[in-house]
Every structure is written in structure tokens, then in C-alpha cells.
Student: 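This structure is in C-alpha cells; I'll ask about it shortly.
Naming convention: chains lettered A, B, ... in sequence-line order (proteins, then strands); numbering from 1 in each chain.
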Amino acid sequence: MAQRHVSDAMADRAEDILLWLEDNLRWFLTLPALGLLAAFFLYPIGRAVALSAYQFDGTGREFVGIDNYVAILTQGAFWDSLWVTAKFMIVAVSLEVLLGIGIAFVLNSRVRFRGLVQTIGLVPLVISPTVVALLWQLLYRNGGVLDSLVQPITGGPVPWLSSPSIALWAIVIPDVWQMTPLVTLIVLAGLQSVPDHVREAAMMDGAGRVRRLLDVTLPYIRELVVLVVILRVIGTMRVFAKVFVLTRGGPAGSTDVVSMALYREAFRYGNYGRASTMALLLLAIALLITYTFAKVSEVKF
Amino acid sequence: MATTSLPGRGLGRALLDRTERWYDRLDEYGLVPGLAHVVALVFVVWTVFPVYWMVSGSLRTRRELLATPPQWLSTALTLENYSELFVQRPAFYEYLLNSVVITIGSTALAVLFGTAATYGFVKYEYPYDLGRFHLPFLVLATRFLPPIVTVIPLYVIFDNVGLLNTQLGLTLAYAAFNIPFVVWMLKGFFAELPDCIIEAAVLDGHTEIGAFFKIVLPMVRPGLLAATIFTIINAWNELLFAVILTSNTRAQTLPVALATFKTAYTIQWELLTVAGTIAMAPVLAFAFLVREKLLRGFTMGAVQ
């Protein structure tokens, strides 16, 4: 080595340090990441549990035990926002998954320019949900593009974002616009991984086209579909940016999803205790849904 | 691989047969590829139009942008709105700068820590199966948390330690959020590397650390690039944490500026289209530059 001019003692010492570093390398590799994750996930969740036992007001906080839980579960507001989230989730996820799978099957068949279509599919996926909401805000503008498209049917402008019966669906559409390509891309990748010989064997057995699709291809990509459904269920459960930009939960609470209700409770009313309680209940629901999906479908992570 | 049992007779069978006959008839007339192309075309137009409308809107005069009925194609393009944005909203520079600083910082941290941790998990032994199973599982599980759960206590914690309204606070938060993505995307790459490569390098006189940088890292470069771009896009686009953990131009990012654009009584549509276009431009440029890697990134973890 090129360290002849360094004294032997120092070289030994340096080597000792290096050896010690190498012996413990595995911990140095993982601890920074684990530390950051602990600081930003585990510790905050612990704090949320602690916060949920307090009632906040203008002057300070008071320990109230499980009163927050009792209040939230017995009053209607939290259930209302859960119901709004559930409606959003069910409609958005169904549309995204069905459309996404349909488009993937079409693209997998005999479309030229498949690569181009795949690239186009990336466009909504990389755009910020905030910008996606703005794109649609522009389209929903009173007398804007969508109004002039539906005019022949509806006879006039549609109150896209100001009618309680329409507003939620006017947020579903941008979500479907943005996330259907994710389903398409993942399912398409799965379809292309179905080995030809499997399909050929089914053909030899006399299975027709539809039969092959349902009996051979679909079971082959079943795990992928389950994964995509979980991803989208979790994704729609946390929807925030689109609601925040388009309606802020209104009109008349018709788009007041859980994350919006939580945001208001904590940062408009300053009640971190109540908000933390709602957050923990949401976490419990999210874990339950993920676990159920994984169990029912026997998917391993 | 389990197979689903399908109705083999009765109504189900009849429906299957009928669908199949329809499909064959369409095929006979050569309509199947045509239909597929129609679907593909509708998909492309539906996906591209909103983006086109905002970008082209940013290049139009206000009057042309707001014309009823809409003018599908613009006759006169102008860059006026772009200069107008910076005149009317001078803080826009600061939002932009904050976004750039926080995105670069958090990406560097997430990729560095995430790569190191993944390598540690995959290539080293830990007691109690920690490295093989428990710790990676814990890391991946954080991806399933609704972020709103952590952001409320984080606000309280940040308030206590003075991290509210700082670039450092958001940088650390975004780094933490993206580490699971990096681990998730790199796990497969590291697992595929045969152990003997590293052993051979060590026998050749490299230190373990040297072998990692000289031999291992170059071999996982595609995964590293994909993970980096994913992290950049995530950090650039994030709204929830930025809205809650910042309240002034010291650390507010572009998405926050955009989300609060319409708090004024009337929306200045022509400025909004410019701001939206500026926020989209970098991620779209990235998407086109590295579309192969990105496609792989979006699908890889799922397909493995």
C-alpha cells in the first residue's frame, strides 16, 4: 500500500477503525433510513395516540381519556365523511380497474403504436394531483369546454362543482383520468408476462377466445389485479389534493372526505386531539382493508 | 396457480358461447383491429386533451382562453401571460425555488439512505431474521399508511422543534416518505446480484465499501435511476405535507401556490394556466426522457 511514510502505529490504528467499521457496516447501512422512518412514521403515530387523549381549546389542553373516541363514534360527522370517502372510493376504484383492465386487453391484442399509447399513459401519472385538479377546474369552468360539450344534452351549463349531487362525481372524474393508466400499465405488463405456451396449450384443448381469456389469462394475472385494487383503494382513501383544490369539502359537505374533515378539525378549529383520534380510526380502517384484501386473495407481499 | 371455476353449462355457458360468436363475426369482417384502434385513439385523446388545453391556454390571450364556444385551436400565440405571472405574483419565484431545493435535497437523502438500507437488508445477516423479513416488511408497510395520520402529530412536533416553515423540515419529511419507494424498487435489483461478485471483489483486494461503489452500484444503475426519478416526481408533486407544515414563502412549494391560487374572488385563468404549465413541465420532460425506465418502474414492483 502507499502508506509507507505513515508510522506503523498509525497504520495499525487506521486499520482497526476500518475493521470496526466493516464489522458493523450492516448497521451503518440501515440505521440512517430506519432512523428517519422511525422519526417520521413511528414517533408521530405514538404522538397521535397520546394526542388523542386530550381535548384542545384556546388556552391549553385537558386530559379526557377516551372521550374523543366516544364523541367521534357517537356523533354523525365522522361517519358522514367516511360515507363520502366510501362513495368516492367505490365508484372511482371500480371505474379505474374496469376501464384500466379493458384498455390493457385491447392494447395487448393488436394495436400498433402500443409503445406510444403506453408513453401517453405515463403523462397523467407523473402530473401532480394538484395540477390535475386545476386542469379539470379549467374544463369545468362555467361556460367552459365541458359545458359546451354537454350543452346539446343538458340545454345549459352544468353546476359541476357547486351542486351537492354532482360535485363528488366531478372529483371522481379527474381521479379516473389520472389513475386508470396506472391500472392499464400494470395489467398490460402482467398480460405480456403470460407465457405463449400456456395460451397455446389451452387452444389445443379447444378453449375458445373468451374461454381462454376467462380461464387462462385472468387467473394468471389475478394477483396483479388484487394488488392494483389494493393500491387504488388505499390511494382513494387518502385523496386530498383534488378535494382541496376543487371544492374544499363543499358544497354542503357533499365532498367532505375524511382527510378534508381531519384537516379542518386540526388546522381550522385547532383541535389536534379530536383530529388525531379520527386519524387513528382511519389508520385502523386502512389496515383492516389492506389485511382483508391480502388475506382473501392470498397475495403475499 | 389456482384457477377460477367457471360456469361450464347453463346460462353461463350460453353467454360465453354467444360472446364468442359475436367476437368471431366481428373478426370475420376485419373489425376487431379497427375497434381496438378506436379504443386506443379515444384513450389518447381523452388523456392528452386536458393537458393540451392548459398548455395552449397559457399561450393565449385571456379573451381567447375564455371564449364561448371554446376555440379549439389558437390563432395567435403569446408569451405575455408568462411575464404577467411574475409581475402579478412576485412570490412565484420563491415557490419555484423552494420546490427545487426541497426536491433535490430530499431526493438525495432518500436515494442515499434507501440504497444503503436495501443493500444492507439484502446482503447482510441480521439477528432474528430482521434483515430478511421484519425490517423490510416494516419499511414497505409504511407505504400503506394514510399520510394524514402522521401529519397532524408531525405539525405538533415540528412546532416544538422549530421545523415549521423550513425547507429542512419538508426535505426530511419527503426523504422519509420516499425511502420505502426506493427500497421497494431496488430490492429486486440487489437480490439478483450474485454474492460471489462481491466476494470476488473483496478477494481482489477491494474493501467491502470500495466493492460496493466500484462494482455493485454500476450494476444496479437502471434501478437507481428509476428510483431517483420516482422520488423527484413524488417530492415535486406533494401537496398535503406542504400545505400543513408551511404557511409562508420561506418554504411553501409550487403545489401549495397552485392550490391556493383561487382564493382571490375571481380566478385569473390565464395566470393559473401558466402556473400549472410550469409545474407540469419538469415532470413531463422527465417522463419523456426516461419513459422506458419509468414504465418499468411503474410496473416492475407489481409484476415481480
Student: If you take all heavy atoms of Arg26(A) and Tyr126(B), which pair is closest and at what distance?
Tutor: O-OH, 2.7 Å
Student: How long is the gap from CG on Leu145(B) to CG on Leu287(A), to the nearest 0.5 Å?
Tutor: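 The distance works out to 7.0 Å.
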Student: Quick one: pull up OG1 in Thr119(A) and CG in Leu295(B) and give me the separation to the nearest 0.5 Å.
Tutor: 6.0 Å
Student: Testing the basics here: between Thr47(B) and Trp177(A), what is the closest heavy-atom pair and its distance to 0.1 Å?
Tutor: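 Minimum heavy-atom contact is O-CZ2, 3.0 Å.
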Student: Quick check on Ala175(B) against chain A: is it the side chain, the backbone, both or neither that has a heavy atom closer than 4.5 Å?
Tutor: both
Student: Where does Tyr124(B) contact chain A at under 4.5 Å (heavy atoms): side chain, backbone, both or neither?
Tutor: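 For Tyr124(B), the contact with chain A is made by the side chain alone.
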Student: In terms of heavy-atom pairs under 4.5 Å with chain B, which of Val123(A), Leu21(A), Val216(A) leads?
Tutor: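 The answer is Val123(A).
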Student: Taking every heavy-atom pair that is under 4.5 Å apart, which of Leu34(A), Thr184(A), Leu36(A), Leu31(A) has the most such pairs with chain B?
Tutor: Leu36(A)
Student: Let me know if Leu185(A) has heavy atoms under 4.5 Å from chain B in its side chain, its backbone, both or neither.
Tutor: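 Answer is both: backbone and side chain atoms of Leu185(A) are under 4.5 Å from chain B.
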Student: If I compare all heavy atoms of Thr130(A) with all of Pro255(B), which pair ends up nearest, and what's the gap?
Tutor: CG2-O, 3.5 Å
Student: Please work out whether the ring planes of His37(B) and Phe113(A) are parallel, tilted or perpendicular, with thresholds of 30° and 60°.
Tutor: perpendicular
Student: So which part of Thr115(B) gets closer than 4.5 Å to some heavy atom of chain A, the side chain, the backbone, both or neither?
Tutor: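 Contact with chain A is absent: no heavy atom of Thr115(B) under 4.5 Å.
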Student: Of the backbone (N, CA, C, O) and the side chain (C-beta and beyond), which part of Phe158(B) lies under 4.5 Å from a heavy atom of chain A, both, or neither?
Tutor: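 The answer is the side chain of Phe158(B).
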Student: Taking Val156(B), Val183(B), Leu65(B) one by one, which has the highest count of heavy-atom pairs under 4.5 Å against chain A?
Tutor: Val156(B)
Student: Would you say Ser128(A) and Trp236(B) make side-chain contact, with heavy atoms under 4.5 Å?
Tutor: no
Student: Can you tell which part of Trp72(B) gets under 4.5 Å to a heavy atom of chain A, answering side chain, backbone, both or neither?
Tutor: side chain
Student: Taking every non-hydrogen pair under 4.5 Å, which of Ile127(A), Val117(A), Val245(A), Val131(A) racks up the most with chain B?
Tutor: Ile127(A)
Student: Can you tell me which of Phe177(B), Phe286(B), Tyr119(B) forms the most heavy-atom pairs within a distance under 4.5 Å of chain A?
Tutor: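 Maximum pair count with chain A is reached by Phe177(B).
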Student: Tell me whether Tyr291(A) at atom OH has more than 12 heavy atoms from other residues, nucleotides or ligands lying less than 6.0 Å away.
Tutor: no
Student: What part of Trp53(B) gets closer than 4.5 Å to chain A, counting heavy atoms only: side chain, backbone, both or neither?
Tutor: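 For Trp53(B), heavy atoms of backbone and side chain both lie under 4.5 Å from chain A.
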Student: Sort Leu139(A) into side chain, backbone, both or neither according to what part of it lies under 4.5 angstrom from a heavy atom of chain B.
Tutor: side chain
Student: State whether the number of non-hydrogen atoms from other residues, nucleotides or ligands found under 6.0 Å of Phe212(B) atom CZ is greater than 12.
Tutor: yes
Student: Quick one: of Arg114(A), Arg141(A), Gln118(A), who has the most non-hydrogen atom pairs under 4.5 Å with chain B?
Tutor: Arg141(A)
Student: If I compare all heavy atoms of Ala279(A) with all of Val149(B), which pair ends up nearest, and what's the gap?
Tutor: O-CG2, 3.3 Å
Student: Scan Leu138(B), Val139(B), Leu135(B) and name whichever one has a side-chain contact (heavy atoms from CB on, under 4.5 Å) with Leu37(A).
Tutor: Val139(B)
Student: For chain B, which candidate among Leu138(A), Val106(A), Ile45(A) shows the most heavy-atom pairs at distances under 4.5 Å?
Tutor: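 Looking at each of Leu138(A), Val106(A), Ile45(A) in turn, Leu138(A) comes out on top.
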Student: Checking Phe43(B) against chain A: side chain, backbone, both or neither under 4.5 Å from a heavy atom?
Tutor: side chain
Student: Please look at Gln137(A) and chain B and tell me whether the side chain, the backbone, both or neither of the residue comes under 4.5 angstrom of a heavy atom of that chain.
Tutor: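 Looking at Gln137(A), backbone and side chain both touch chain B.
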Student: In terms of heavy-atom proximity below 4.5 Å to chain B, should Tyr272(A) be classed as side chain, backbone, both, or neither?
Tutor: both
Student: How far apart are the closest heavy atoms of Pro153(B) and Arg47(A), and which atoms are they?
Tutor: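 Minimum heavy-atom separation between Pro153(B) and Arg47(A): CB-CB, 3.8 Å.
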Student: Could you give the distance from CG (Leu135(A)) to CE (Met280(B)), rounded to the nearest 0.5 Å?
Tutor: 5.5 Å
Student: With respect to chain A, which residue among Leu258(B), Thr277(B), Val48(B) yields the maximal number of heavy-atom pairs within a distance under 4.5 Å?
Tutor: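 Most pairs with chain A among the choices: Leu258(B).
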Student: Check whether Ala266(A) gets within reach of chain B through its side chain, its backbone, both or neither, counting any heavy atom under 4.5 Å.
Tutor: side chain
Student: So do the side chains of Phe267(A) and Val243(B) get within less than 4.5 Å of each other, counting heavy atoms only?
Tutor: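 With C-beta onward as the side chain, the pair stays apart.
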Student: What residue, out of Ile233(B), Leu41(B), Leu294(B), Leu172(B), has the most heavy-atom pairs lying under 4.5 Å from chain A?
Tutor: Leu172(B)
Student: Using a 6.0 Å cut-off, check whether atom CH2 of Trp22(B) has over 12 heavy atoms from anything other than its own residue.
Tutor: no
Student: In terms of heavy-atom pairs under 4.5 Å with chain A, which of Asp17(B), Val44(B), Ile157(B) leads?
Tutor: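 Most heavy-atom pairs within the cutoff with chain A belong to Ile157(B).
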Student: Which atoms of Val39(B) are under 4.5 Å from chain A, going by heavy atoms: the side chain, the backbone, both sets, or neither?
Tutor: side chain
Student: Heavy-atom distances under 4.5 Å only: say whether Leu283(A) touches chain B with side chain, backbone, both or neither.
Tutor: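 When you check distances to chain B, atoms from both the backbone and side chain of Leu283(A) fall under 4.5 Å.
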Student: Specify which of Leu107(A), Leu282(A), Leu125(A) makes the most heavy-atom pairs with chain B at under 4.5 Å.
Tutor: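 Most pairs with chain B among the choices: Leu125(A).
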Student: What part of Leu122(A) is in contact with chain B, defined as an atom under 4.5 angstrom from a non-hydrogen atom: side chain, backbone, both or neither?
Tutor: side chain
Student: Where is the tightest heavy-atom contact between Ser259(A) and Ile148(B), given as atom of each residue plus distance?
Tutor: O-CD1, 3.6 Å
Student: Is chain A contacted by the side chain of Ile179(B), its backbone, both, or neither, given a heavy-atom distance below 4.5 Å?
Tutor: side chain
Student: Measure distances from Leu51(A) to the heavy atoms of chain B and classify the residue's part below 4.5 Å as side chain, backbone, both or neither.
Tutor: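 Just the side chain, heavy atoms under 4.5 Å.
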Student: Counting N and O atoms only, with roles assigned by atom type, does the side chain of Asn237(B) sit under 3.5 Å from a partner on the main chain of Val126(A), one being a donor and the other an acceptor?
Tutor: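 Checking the backbone N and O of Val126(A) against the side chain of Asn237(B), a donor-acceptor pair under 3.5 Å is found.
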Student: Is it the backbone or the side chain of Val256(B) that comes under 4.5 Å from a heavy atom of chain A, or both, or neither?
Tutor: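 Answer is neither: Val256(B) stays 4.5 Å or more from chain A.
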Student: With a 4.5 angstrom heavy-atom cut-off, is it the side chain or the backbone of Leu240(B) that approaches chain A, or both, or neither?
Tutor: both
Student: Considering only heavy atoms, which portion of Ala48(A) lies under 4.5 Å from any heavy atom of chain B: side chain, backbone, both, or neither?
Tutor: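 Answer is both: backbone and side chain atoms of Ala48(A) are under 4.5 Å from chain B.
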Student: Is Phe288(B) in contact with chain A via its backbone, its side chain, both, or neither, using a 4.5 Å heavy-atom distance?
Tutor: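 Answer is side chain: those atoms of Phe288(B) sit under 4.5 Å from chain A.
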Student: Give the C-alpha distance, both sets of side-chain angles, the deciding distance and a yes or no for side chain to side chain contact (heavy atoms under 4.5 Å, CB included) between Phe40(A) and Thr150(B).
Tutor: CA-CA 7 Å; Phe40(A) 283 85; Thr150(B) 49; over 6 Å; no
Student: Taking Pro180(B), Gly57(B), Ala279(B), Ala173(B) one by one, which has the highest count of heavy-atom pairs under 4.5 Å against chain A?
Tutor: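 Winner by heavy-atom pair count: Ala173(B).
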